[in-house]
Amino acid sequence: MLIISSRSALLSVYYPQIFLILTSGSYLALSSVVALGANIICNKIPGLAPRQRALCQSRPDAIIVIGKGAQLGINECQYQFRYGRWNCSALGERTVFGQELRVGSREAAFTYAITAAGVAHAVTAACSQGNLSQCGCDREKQGYQDQEEGWKWGGCSADVKYGVEFSRRFVDAREIKKNARRLMNLHNNEAGRKILEERMKLECKCHGVSGSCTTKTCWITLPKFREIGYLLKERYSDAVQVEPVRASRLRQPSFLRLKEARGYQKPMDTDLVYLERSPNYCEEDTATGSTGTRGRLCNGTSTHTDGCNVMCCGRGYNTHHYTRVWQCNCKFHWCCFVKCNTCSEKSEVFTCK
Ligand SMILES: *[C@@H]1O[C@H](CO)[C@@H](O)[C@H](O)[C@H]1NC(C)=O
Ligand SMILES: *[C@@H]1O[C@H](CO)[C@@H](O)[C@H](O)[C@H]1NC(C)=O
Ligand SMILES: *[C@@H]1O[C@H](CO)[C@@H](O)[C@H](O)[C@H]1NC(C)=O
């Protein structure tokens with residue numbers, strides 16, 4: 001089943017809960033991709049850059065994994081920003097997209113980094129599990145003995161280089177326009193992947209009589225994606241504002257430099273970079289991709305971003321009373337039944353006006 005809505009460039013097939021961000025402003029939901037030929041799928045996905053379409057056709061198996069990776073990124077984004085005015089919701093829904101990433105804000109920086117990292121993570125994991133035809137365990141890390149440390153490579157080392165390279169080839173291929181946004185997006189994609197690479201872990205196992213470590217084998221594993229989410233959230237908080245620099249004569253921007261710096265200071269590889277200040281996300285605004293905070297749940301006592309004052313932008317909030325009912329004081333009676341009381345508690349939730 002293919003549903004294509006032209007305006008929002010949405011393709012939806014059957015594969016539970018997979019949404020892909022493939023091109024700026026074009027999102028894809030995959031359902032039974034497997035049931036449809038690669039040609040059909042790859043030709044029907046709207047807005048694919050030519051290189052993406054070619055990669056899709058030559059590696060249809062990878063498209064599903066790419067979809068999982070993008071979904072991993074979106075889910076993590078929504079988790080990390082669940083208490084924020086901007087909660088990453090537009091990324092997973094069919095409504096506001098396209099608009100979402102138009103402003104070169106910190107939030108856009110985060111979504112690019114986490115999507116690129118998600119794709120690299122998913123591809124690497126799929127390689128390790130033998131799910132993709134052209135990759136597997138990292139062959140460079142097999143058999144060799146590390147003389148100094150006294151251990152040897154064993155098991156399956158995750159081939160993160162392959163995953164990263166695949167993410168680069170596919171995710172970065174959507175940046176066709178030669179403008180400052182392209183530089184920003186590419187930088188953030190790379191930062192996300194770099195942070196993933198830096199977090200690869202060495203795991204070891206001892207072999208020998210009753211746990212003695214006569215021989216030790218080690219291998220490289222992927223970190224949990226949650227860890228990458230937290231790291232990128234920190235990077236988001238410390239994101240730096242940049243501006244494009246045009247090399248003389250050429251009119252295209254050729255690199256980015258820190259906006260507030262004297263001289264030509266470039267951002268660090270793992271910095272998230274943004275071009276424009278963020279909107280406050282208080283009101284709905286399709287131009288900035290803000291869904292606004294009307295109707296959002298807020299916390300009456302918190303002083304953080306989830307507190308009603310901050311979340312509702314001073315508009316005030318509605319209080320909803322309800323009674324929570326649950327089974328309590330359950331006792332086991334001989335023989336054989338359990339008898340419980342019903343307990344209840346008055347409770348309230350707040351939603352922004
Ligand atoms: C590999 O394939 C199996 C079977 O289709 C699936 O259950 C698993 O989730 C896949 N692993 C990855 C990392 O995609
Ligand atoms: C995010 O915000 C939108 C709009 O205010 C809301 O509809 C949605 O339920 C929120 N999502 C989460 C995960 O809290
Ligand atoms: C509201 O915020 C307070 C303080 O941060 C916290 O202790 C409490 O668990 C929160 N309540 C809910 C319902 O999240």
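None of these values were measured; they are calculated from a predicted model. Whatever order the structure lists them in is the order used to number ligands and atoms, beginning at 1. Sequential numbering from 1 along the given sequence is applied to the chain's residues.
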Atoms in ligand 1 flagged as close to [X], the criterion being non-hydrogen separation under 4.0 Å:
X: Lys68; value: 9 (O), 14 (O)
X: Ala125; value: 13 (C)
X: Gln129; value: 1 (C), 8 (C), 10 (C), 11 (N), 12 (C), 13 (C)

Check this for me - ligand 2, Arg294, N or O atoms closer than 3.5 angstrom, yes or no? no
Expected output: side-chain Thr115 to main-chain Thr111 donor-acceptor under 3.5 Å: yes
Going by the atom numbers of ligand 3, which of them fall below 4.0 Å from some non-hydrogen atom of Thr301? 1 (C), 2 (O), 3 (C)
Numbered in order shown, the ligand 3 atoms found under 4.0 Å of a heavy atom of Asn299 are 1 (C), 2 (O), 3 (C), 8 (C), 10 (C), 11 (N), 12 (C), 14 (O)
Report yes or no: is the cationic atom of Arg235 (NZ for Lys, CZ for Arg) under 6.0 Å from the centre of the six-membered ring of Phe110, at an angle within 45° of the ring normal? no
Cation-aromatic face contact Arg257/Tyr264, 6.0 Å, 45 degrees: yes
Among the heavy atoms of Arg82, does any lie under 4.0 Å from an atom of ligand 2? no
Any Cys88 heavy atom less than 4.0 Å from ligand 2: no
Of Val123, Asn131, Leu222, Val65, which has the heavy atom at the shortest distance from atom 6 (C) of ligand 1? Asn131
